[in-house]
Amino acid sequence: MGQASRTGVLLLPPLAYEDTSAYRPLRVLADAVASAGHLVLRLDWPGQGDSQAEALSPQLHELRLGVVVEAAARLRAAGCQQVLGIAVRAGGLLALASGAFDALALWDCPATGRRYLREQKAFHRMAAASFGGGPAATPSPEGSIEAGGFLHGPEVVGALEAFDPKSAVRAVRRALLIGRDGAAPDAGLVEALRAAGAEVEVEQGQGMAVLLENAYHADLAAGVRERIVDWVGTPAELHEPDLDLAPSLVLDRGVERPWLERGGAGQLSGIVCEPQHGARPGMAWTVFLNAGGIRRCGPNRLWTLAARALAAQGRPSLRFDVRDVGDSDGSAEPHQDLEAMYAPTSIDDALQAVDWARDQGAGSVDVVGLCSGAFLGAQVSARRSIRRALLFNCLAFVWDEEARASSMTAHIRGSLFDARRWKRLLTGKIDGRALARAVVNKGRLRLRALRTGEQADAVEALLTEIQARGTQLHLVYSEGDPAIAYLAGHVPVDRQPPTTVLPGADHTVRPVALHSRVVDLILGPPV
């Protein structure tokens, strides 16, 4: 671990979908603080990511507060003389309620828990407009709030609605409050902290909209990173910390442990989920692949849920991050577009994961992926012996000129009124020239097909090859997803692989009511 200062730092992420988007940039922030000489501990909230518990677990809010207190205590036991908290959005509410810190940096902490929940309801109404009808309209449990594919259960909703951070402020020596984009932090919270004796620094907000944009394009504003690192301070004394973290997580019907392997861009990171008594030779393994920039827990935490359901059936799995995503090494800067997820280097990472499972004695391997993860699953299935490939909403089975053009034009299709996309274009984070070329190329490709009757067959050839290798190929689509038209444009209906359509779902299957259906599909028939 090396030497570190006597200041321990606990990084508390936001809740629900906001955590999905902000995960990689907050890892960059943690790395920056650690590079300044401090011991940094990050956590997944119970009910999120790779942690235990579920949205409807009893006393989930209290469990989350307990995790904060325990994490701070571990930093102190490791020799840290003071513990600082860096908390984002609703993470700030939990940080304040815990009373576990000597100092706090709060970035866009909501004025009240009730206001935060109102924002979550508004976000869900906006997102649900793309779901359509069908099973997704099934009401959530009474008293709960669904937002972006995640559920705030009744107990959490009740606790947050009753929580006013201004009345819960406990003494901290100092605090840094950063507001939302173009706005100062809540004045009442600032005054409450000062009244409690804290030395408070205030910054007008910047960068929150970019942090929460989506998991692939999310970015950490350099000004915020530098301000927080400066606030944490320069180490005055170094020591050898002894931080005791459990090497595995024991579940009700399984065990999880970290997976770290040397990859082409540094270290690849993931989670192995096994039955309680381990994975015996000859067992069927499942490898879960990233959905775009979403880390290994999968869209709406579906890969974590499915992995644990597999373990309960006695089946091991690996969910991991390809380079540039989640906790795996690679670029710290977001890519301008998704092309890197379709690059040969990402295919290499996926192949390495499958080969690792084989080296553990797997009798067969299944792959599961969504969007670019479905592309990786198809490419792996064409190169390795795969028992079953379950691929969700694949927008490109073959990365060629057509797929590249479609990927770029997706920035404008259905997003004409998305201010964040226009801002990315105007600030150069979307390559305007490349976008213009893609629009022209896509039009040219369609015109050529109309004139010559040419039908690209690379996709059909790939899918035919996969099935000829003996792989059980199963495609799953959200109703109305553009991936359906993509498949129809390449493979006649009578030659398409077995397909399932999920009504009332968006591209990442966000309605909570459909999640059990997705897990059932992943479990598949008995092995």
Side-chain angles (χ1 to χ4, degrees), residues 13-24 44-45 47-51 54-55 123-124 126-128 130-132 135-136 146-151 212-218 270-271 273 286-310 317-322 324-327 338 341 346 350 367-377 389-396 410 474-483 500-523:
L15 292 175
Y17 179 79
E18 294 176 350
D19 169 61
T20 300
S21 298
Y23 190 86
R24 180 76 174 185
D44 277 343
W45 293 113
Q48 292 187 187
D50 297 315
S51 286
E54 305 301 336
F123 173 60
H124 179 64
M126 179 180 67
S130 65
F131 295 168
E146 182 176 348
F150 290 84
L151 195 66
L212 302 181
E213 182 169 353
N214 61 55
Y216 198 75
H217 292 127
I271 299 290
C273 185
T286 299
V287 175
F288 293 92
L289 303 164
N290 291 115
I294 298 173
R295 71 185 188 275
R296 59 186 173 266
C297 56
N300 319 308
R301 206 191 182 208
L302 281 168
W303 293 175
T304 297
L305 299 177
R308 292 172 181 177
L310 286 167
S317 66
L318 167 65
R319 56 187 191 273
F320 83 106
D321 298 321
V322 298
D324 304 342
V325 175
D327 287 311
L338 282 170
M341 295 299 296
S346 292
V367 293
V368 177
L370 182 146
C371 194
S372 62
F375 164 84
L376 294 176
L390 185 66
L391 310 179
F392 293 78
N393 291 331
C394 187
L395 291 167
H474 190 163
L475 307 181
V476 184
Y477 294 103
S478 300
E479 187 177 24
D481 194 88
T500 296
V501 176
L502 300 174
D506 74 341
H507 186 65
T508 54
V509 199
R510 283 197 282 189
V512 171
L514 285 174
H515 291 178
S516 59
R517 172 65 173 142
V518 171
V519 172
D520 287 343
L521 286 169
I522 293 171
L523 293 177

With rounding to the nearest 0.5 Å, note down the distance linking [atom1] in [X] to [atom2] in [Y].
| X | Y | atom1 | atom2 | answer |
| --- | --- | --- | --- | --- |
| Gln48 | Leu15 | CD | CG | 5.0 Å |
| Ile294 | Leu370 | CD1 | CG | 7.5 Å |
| Arg301 | Ser51 | CZ | OG | 7.0 Å |
| Leu391 | Cys371 | CG | SG | 11.5 Å |
| Ser346 | Asp324 | OG | CG | 7.0 Å |

Practice item. Mind running side chain to side chain contact (heavy atoms under 4.5 Å, CB included) on Leu523 and Leu310 for me, showing each step along the way? Key: CA-CA 6 Å; Leu523 293 177; Leu310 286 167; 3.6 Å; yes
Exercise for review: Going by the side-chain contact (heavy atoms from CB on, under 4.5 Å) test, name the single residue among Leu395, Leu502, Val509 that passes it with Asp481.
Suggested key: Leu395
Revision key, fill the gap. Exactly one candidate in Leu376, Val322, Asp321 meets side-chain contact (heavy atoms from CB on, under 4.5 Å) with Leu289; the answer is Leu376
Are the side chains of [X] and [Y] in touch, meaning some heavy atoms are under 4.5 Å apart?
| X | Y | answer |
| --- | --- | --- |
| Pro13 | Trp45 | yes |
| Arg295 | Asp19 | yes |
| Ile522 | Trp303 | yes |
| Thr500 | Phe392 | no |
| Glu146 | Pro511 | yes |
| Tyr17 | Thr508 | no |
| Val368 | Val287 | no |

Closest heavy-atom contact between [X] and [Y]?
| X | Y | answer |
| --- | --- | --- |
| Arg296 | Asn290 | N-ND2, 3.7 Å |
| Arg308 | Arg319 | NH2-NH2, 4.0 Å |
| Ser372 | Ala291 | OG-C, 4.2 Å |
| Asn214 | Ser21 | CA-OG, 3.6 Å |
| Glu479 | Gly504 | OE1-N, 3.6 Å |
| Cys394 | Ala483 | O-CB, 3.2 Å |

Check your understanding: Donor-acceptor pair, Asp50 side chain versus Asp44 backbone, under 3.5 Å?
Key -> no
Point to revise | Working for side chain to side chain contact (heavy atoms under 4.5 Å, CB included), residues Met341 and Tyr216 | key: CA-CA 10 Å; Met341 295 299 296; Tyr216 198 75; 3.4 Å; yes
**Study point:** Steps toward side chain to side chain contact (heavy atoms under 4.5 Å, CB included) verdict (Val512, Asn300)
**Key:** CA-CA 8 Å; Val512 171; Asn300 319 308; over 6 Å; no
